[in-house]
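Worksheet: the structure to be examined is printed underneath.
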Amino acid sequence: MESTRVERLATRDGIVGDALTIRRALPHPKHRTIGAWCFLDHAGPMVISDGRGMRVGPHPHIGLSTFTWHIEGETLHRDSLGNAQVIRPGQVNLMTAGRGISHSEESVIGGSPNVHLAQLWIALPESARHGDPSFQHYPELPTATVDDYRATVLVGNACGRVSPVAVHTPLFGIDLFAEDVAGATVPLDPRFEYGAMALEGGFELDDGPLGPGALVYLSPGHTTLRVRSRGRARLLLIGGEPFADDILLWWNFVARSQAELEQATADWNAGSERFGTVQGYDGPRLVAPALAGLHLR
Ligand code: MN
C-alpha cells in the first residue's frame with residue numbers, strides 16, 4: 001500500500017448558461033481524467049427564481065458521453081436525434097456523442113425552482129468515439145445500503161447491485177446519502193483510481209475533512225475508503241481504470257489531435273449535418289469559439 005496516495009484538488013467556480021453556478025472539479029491540471037471521467041461540474045443546490053431557470057442553447061459534442069445525475073429540480077433535454085426528455089430527481093441521462101451530436105438543456109417552465117445536479121463527461125475509447133450518437137434515459141437506478149448510507153449505484157456495480165448505465169470502459173460511480181450521523185467503509189477496486197466530492201454537507205475522511213470546493217483523488221491500490229458525516233450529507237464517488245489514451249478536451253469536444261478539434265469547430269459553425277439539428281428550443285445555438293492551440297486544457 002506504500003505506493004498509494006491521496007491528493008486534495010481544488011475545484012473552480014464557474015457559471016453555465018447565464019444562471020447556473022457550478023464547481024468544476026475535472027478536468028484538473030494534476031488529473032485530467034479519473035478513469036474515463038474527464039469532466040465534472042457540480043451545480044447547486046440553488047434556487048433560480050427568475051421564472052426562466054437554467055438555459056443552455058444547442059451545442060455540439062464529440063468523443064464523449066454526457067452523464068447527468070439529477071438530485072433536485074427538473075431539466076428538459078432535447079437533442080439532434082429527436083429526443084425531448086425531462087430528467088427528474090433520482091434519474092440519469094446518458095448522451096453518447098460518438099462522431100457528433102448536439103443538444104440543449106433548460107429548466108422546465110413552471111417546474112421546481114430548485115436546481116441540484118452533477119454533470120459529468122465520460123471519454124470514449126478509440127473503439128467507440130467514431131461511432132453513432134445515441135441517447136438513453138434511466139428513470140431508476142439501483143440502490144443499496146452501505147453501512148449508514150443509502151447508495152445509488154450510478155455506474156458499474158456496488159454491493160452486488162449493477163447500474164444499467166452502459167459505458168465502454170471499466171467505470172464506477174455512486175451517490176452516498178445520509179440525513180444523520182453516519183459512517184461507512186466503502187470497498188474499492190484496487191485497479192481503479194477514484195475521486196470523492198461532497199455534494200451536500202461535509203465529510204471526514206481518514207486523512208482529513210472533505211467539504212465543498214475540493215475533490216479528493218485516490219490513486220489505484222486502495223481497497224477501502226472510510227467516510228463519516230454529521231447531519232444531511234451527500235458524497236459523489238467516481239472511479240475507473242486509468243484511461244489509456246491521452247485526450248484533448250476543448251470547449252465541448254474530446255479528441256486526440258488539434259486537427260480533430262479544428263474540424264469539429266468548423267463543422268459546427270458551418271451548420272454541418274454532422275451535428276444534426278435540435279428542434280423546439282426557443283433561442284440561439286451556441287457558437288464555437290476560435291480554437292487557440294496554446295490554450296488546450
Ligand atoms: Mn452539453
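For ligands, and for the atoms within them, numbers begin at 1 and follow the listed sequence.
Between Trp121 and His61, the ring planes lie perpendicular to each other; the angle is over 60°, past the 30° to 60° tilted range.
Shown here are the protein N/O/S atoms lying under 2.8 Å from the Mn ion (ligand 1), water excluded: His59 NE2, His61 NE2, His103 NE2.
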Exercise. Check the pair His116 / His42 against side-chain hydrogen bond (donor to acceptor under 3.5 Å, both in side chains), numbers first and verdict last.
Key: CA-CA 8 Å; His116 192 196; His42 174 219; 2.8 Å; yes

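Sorted by first and then second residue, the pairs that involve residues 140-155 and meet side chain to side chain donor-acceptor pair (under 3.5 Å), not counting sequence neighbours, are Tyr149-Ser229.
The existence of a salt bridge linking Asp13 and Arg24 is excluded, since no basic side-chain nitrogen approaches an acidic carboxylate oxygen closer than 4.0 Å. Looking at Glu260 and Arg99, no side-chain N of the basic residue comes within less than 4.0 Å of a carboxylate O on the acidic one, giving no salt bridge.
At most 12 non-hydrogen atoms from other residues, nucleotides or ligands lie less than 6.0 angstrom from CG of Asp246.
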